[in-house]
Number of protein chains: 2
Amino acid sequence: MKRRIEQLSALGQEERLAIFRLLVRAGPQGNCVDQIKRRLKTPGSTLSHHLDTLTRSGLLSARRAGRFIHYAVNWREAANLIRFLTEDCCAEMHARFSPDPQTGAGVGNPCCSQAAKRPRRTRRAAAASEKAEARTSSENGNRRP
Amino acid sequence: MKRRIEQLSALGQEERLAIFRLLVRAGPQGNCVDQIKRRLKTPGSTLSHHLDTLTRSGLLSARRAGRFIHYAVNWREAANLIRFLTEDCCAEMHARFSPDPQTGAGVGNPCCSQAAKRPRRTRRAAAASEKAEARTSSENGNRRP
DNA sequence: ATTATATTTCTATGTTACTAGAATTATCGT
DNA sequence: ACGATAATTCTAGTAACATAGAAATATAAT
């Protein structure tokens, strides 16, 4: 749980998210610091701190190859993070936000599109949302009143 | 993109993540501030700031009902955030981190389990990872060398 | 050994975020 | 109109984070 918070806040920063996305695309071999530095044009010391933050969160792992240190995405942890969010939200989304239970289309979330085809709405969830949705159904309108 | 960063960093904070999780479980009706306050025992002003941060990020929406203001999860944005992470990572995971392409089991990520059954490995991805994985296959070992 | 390159740690500074009491605004009930 | 309750904004102190130059460390090449 604390780990998830660290990971979310690690990704919740422009430069670190850019690093992470770069490394996702770099694949399992990753990139050495110098490559990242040249691509993102970040000063070495700053980059090093960001890499440390991402590594301590578990999202990256580092391996030395001679003078170079390659940072790569730790896929297992990335999957765990997505699962964490999915389990907290996606299950609810399937139950409550499936715009067309017949086709499963509408959410447009590849993470959900498969599962949404068979509405997984539990008895409990259905009852709860029924009661709740009876009164108001906003689901939009963003700003504070 | 900037929005995604705001959302990730909004969730990357203990108290705000707790609020978000509470509201996920509260369903579409959400909870009014006072309910949240009593459950999480947060001082009003602090809570108000956190709710504002989450709302500005788009993850929550607020609706007034008399004296009460109900905050609820904005499922659409939550889905978008998960999709964002999924598209950046999950596609790569399917291609590179499917431990058993035959059964699709192993990752244990409900977000991926469906899709993993049909390995989506592209020609490009296969070639790239082949070349890369030839040398080293760490995929573990967390700390900096 | 010496020099060059890769990366990190040290150090410092500015900025942003968190926290929470007090004052304020808004709405309801009487 | 008035008091009570819900929630936000004001204000301010502290802590944490981001940035980056300079010094230090580690490895490789000559």
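Residue numbering restarts at 1 for every chain, and letters A, B, ... go by the order of the sequence lines.
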Sugar-phosphate, base or nothing in reach of A:G44, heavy atoms under 4.0 Å |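 The residue A:G44 makes base contact.
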
Closest approach of B:T53 to B:A10 (non-hydrogen atoms, all atoms of both residues) =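 Here B:T53 and B:A10 meet closest at CG2-CB, 4.2 Å.
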
Options [options], nucleotide nearest the side-chain atoms of [X]:
X: B:F68; options: D:dA6, C:dA20, D:dT8; value: D:dA6
X: B:S48; options: D:dA7, D:dT8, C:dT8; value: D:dT8
X: B:H50; options: C:dT9, C:dT19, D:dA18; value: C:dT19
X: B:H49; options: C:dT8, C:dT19, C:dC10; value: C:dT19
X: B:D34; options: C:dT8, C:dA6, D:dA6; value: D:dA6
X: B:S45; options: D:dC10, C:dT8, D:dA26; value: D:dC10

Value rounded to 0.5 Å, distance of [atom1] in [X] from [atom2] in [Y]:
X: B:Q7; Y: B:R3; atom1: CD; atom2: CZ; value: 6.0 Å
X: A:I69; Y: A:N31; atom1: CD1; atom2: CG; value: 13.5 Å
X: A:R21; Y: A:L17; atom1: CZ; atom2: CG; value: 6.0 Å

Is there a path from B:F84 to A:L85 through hydrophobic residues (I, L, V, M, F, W, Y) whose side chains come within less than 4.5 Å of each other?
->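 Yes, it is one cluster - the side chains of B:F84 and A:L85 are joined through contacts under 4.5 Å.
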
How many Å lie between [atom1] on [X] and [atom2] on [N], as a whole number?
X: B:D52; N: C:dC18; atom1: CG; atom2: C1'; result: 14 Å
X: A:K41; N: D:dT19; atom1: NZ; atom2: C1'; result: 18 Å
X: B:E6; N: C:dA17; atom1: CD; atom2: C1'; result: 14 Å
X: A:R67; N: C:dA6; atom1: CZ; atom2: P; result: 6 Å
X: B:L47; N: D:dA7; atom1: CG; atom2: P; result: 9 Å
X: B:L60; N: D:dT8; atom1: CG; atom2: P; result: 12 Å
X: B:N31; N: D:dA6; atom1: CG; atom2: C1'; result: 14 Å
X: A:R63; N: C:dA6; atom1: CZ; atom2: P; result: 17 Å

Is there a donor-acceptor contact under 3.5 Å linking the side chains of A:Q13 and B:S9?
->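 On atom types as modelled, these side chains do not qualify, holding no pair under 3.5 Å.
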
Do any of residues 7-20 of chain A sit with a heavy atom less than 4.0 Å from DNA chain C, and if so which?
->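 Here the set is empty: none.
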
Just one of B:H50, B:R56, B:H49 clears the side chain to side chain donor-acceptor pair (under 3.5 Å) bar with B:D52, so which one?
->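 So, applying the side chain to side chain donor-acceptor pair (under 3.5 Å) to B:D52 and each of B:H50, B:R56, B:H49, only B:R56 qualifies.
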
When you check the phosphate oxygens OP1 and OP2 of D:dA6, does a side-chain N or O of B:Y71 lie under 4.0 Å from one of them?
->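 No, outside the criterion.
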
